[in-house]
Protein chains: 2
Amino acid sequence: MNDKPSKSKEICSGDKPCKIEATLKFLGNKWTFLIIHALMGDRKRFKELQYLLKGISPKTLTERLRNLEEKGIVHREIFPVIPPKVEYSLTPKGEELKTMLDALNAWGKKHLD
Amino acid sequence: MNDKPSKSKEICSGDKPCKIEATLKFLGNKWTFLIIHALMGDRKRFKELQYLLKGISPKTLTERLRNLEEKGIVHREIFPVIPPKVEYSLTPKGEELKTMLDALNAWGKKHLD
DNA sequence: CCGCATCCTAAAGGATACTG
DNA sequence: CAGTATCCTTTAGGATGCGG
């Protein structure tokens, strides 16, 4: 009789389960969003990313990039030339995070400094 | 002569500086977004939050809430009764993060599991 | 140029017991 | 109930040097 007793364990009310926690867990650390952001629009080389993300260490950058690659958000293309050349770009799945980054940016523009 | 030489240090092209980095720094850790999310819609008591954010330790919860309060995102109201009662709610500034959380949720629903 | 290996630090967060 | 206090574990991330 519709007595589903307010399972307040669920934060999101709605038909589908809330994915916020899962999503944050999926890509939620300091650099991840920034890397995705840096790749919005055009592909970039390792060195460029290192430059754009001022101060990120190569170790961390590699780590994050590999992680994002595994998850199908970033595509890595290797050019077998000397000196080595590798380009990173977003997959469609990655591009779709733009909405969210825009929202974040909009909020920041309105409320920060 | 319009020779502003592609200051590719800036990731965001646009009139205003990009606020993504600043915003993430402002509220970027694991629990912050989840707490804000939990407060969307209605005010909640400490215990409720602890329950909704399964497994968060009281220390961490207090820490995060105080931090969000300082930043004007969360409002804390104390009822001088026994036993103690404290309610947390979002300020308008906090509510405006809904757009971003929705985008995050939408992405998750589409791409996760 | 790309990026791995190694070592190291800082900071977030967890567990638990206790107080007003 | 709403925290505070204490201690401890984990992990993100930095620095740097070497290798393909």
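Lettering follows sequence order; numbering is per chain, from 1.
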- So does B/Arg66 get a side-chain nitrogen or oxygen closer than 4.0 Å to the phosphate oxygens (OP1/OP2) of D/dG3? yes
- Shortest non-hydrogen contact from B/Cys18 toward A/His37: SG-CE1, 3.3 Å
- Establish, for the pair B/Lys44 and B/Tyr88, whether the NZ or CZ atom is under 6.0 angstrom from the six-membered ring centre and no further than 45 degrees off its axis. no
- To the nearest angstrom, the CD-C1' distance between A/Glu69 and C/dC2 comes to 14 Å
- Message: Nearest whole Å is fine: how far is D/dC1 P from B/Leu65 CG?
- Response: 17 Å
- Taking a hydrophobic cluster as the set of Ile, Leu, Val, Met, Phe, Trp and Tyr residues connected by side-chain heavy atoms closer than 4.5 Å, whether directly or through intermediates, do A/Ile78 and A/Leu49 fall within one such cluster? yes
- Item | Atom-pair distance (CD1 on A/Ile78; C1' on C/dC4), nearest Å | 14 Å
- Note on the structure: In terms of heavy-atom contacts, A/Leu101 and B/Ile20 come closest through O-CD1, 3.7 Å
- Note on the structure: From CD of B/Gln50 across to C1' of D/dG3 the rounded distance in Å is 9 Å
- Message: Nearest to the B/Tyr88 side chain among C/dG3, C/dC2, D/dG3, which nucleotide is it?
- Response: D/dG3
- Message: Tell me whether A/Glu77 is salt-bridged to A/Arg43, with the criterion being a basic N under 4.0 Å from an acidic carboxylate O.
- Response: yes
- Query: Among D/dG20, C/dG3, D/dG3, which is the nearest nucleotide to the side chain of A/Pro84?
  - Reply: D/dG20
- Note on the structure: In short, the helix from C/dC1-D/dG20 to C/dG20-D/dC1 is bent end to end, axes from five pairs each side, to 10°, by 50°
Distances under 3.5 Å only, N/O to N/O: pair up the protein atoms with those of nucleotides 9-13 of chain C.
| unit_1 | atom_1 | unit_2 | atom_2 | d |
| --- | --- | --- | --- | --- |
| C/dG13 | OP1 | B/Lys30 | N | 3.4 |
| C/dG13 | N7 | B/Lys59 | NZ | 2.9 |
| C/dG13 | O6 | B/Lys59 | NZ | 3.1 |

- Distance from B/Arg66 atom CZ to B/Leu61 atom CG, nearest 0.5 Å? 9.5 Å
- Query: Checking side-chain contact (heavy atoms from CB on, under 4.5 Å) against A/Ile35, which of A/Leu65, A/Leu27, A/Asn67 comes through?
  - Reply: A/Leu65
- Query: Any Lys/Arg nitrogen of B/Glu87 or B/Arg45 sitting under 4.0 Å from an Asp/Glu carboxylate oxygen of the other?
  - Reply: no
- Item | Rounded distance (Å) that lies between atom P of D/dA2 and atom CD1 of B/Ile82 | 13 Å
- Given atom CZ of B/Phe46 and atom P of C/dG20, what is their separation to the nearest angstrom? 17 Å
- Find the distance B/Leu53:CG to C/dG14:P and express it as a whole number of Å. 10 Å
- Note on the structure: Of the listed D/dC1, D/dG14, C/dT16, the closest approach to the B/Pro58 side chain comes from C/dT16
- Query: Under 4.0 Å between a side-chain N/O of B/Arg45 and OP1 or OP2 of D/dC1, yes or no?
  - Reply: no
- Task: For the residue pair B/Glu69 and B/His75, confirm or rule out a side-chain donor-acceptor distance under 3.5 Å.
- Result: no
- Item | Between C1' of C/dC1 and CD of A/Glu87, the distance in whole Å | 13 Å
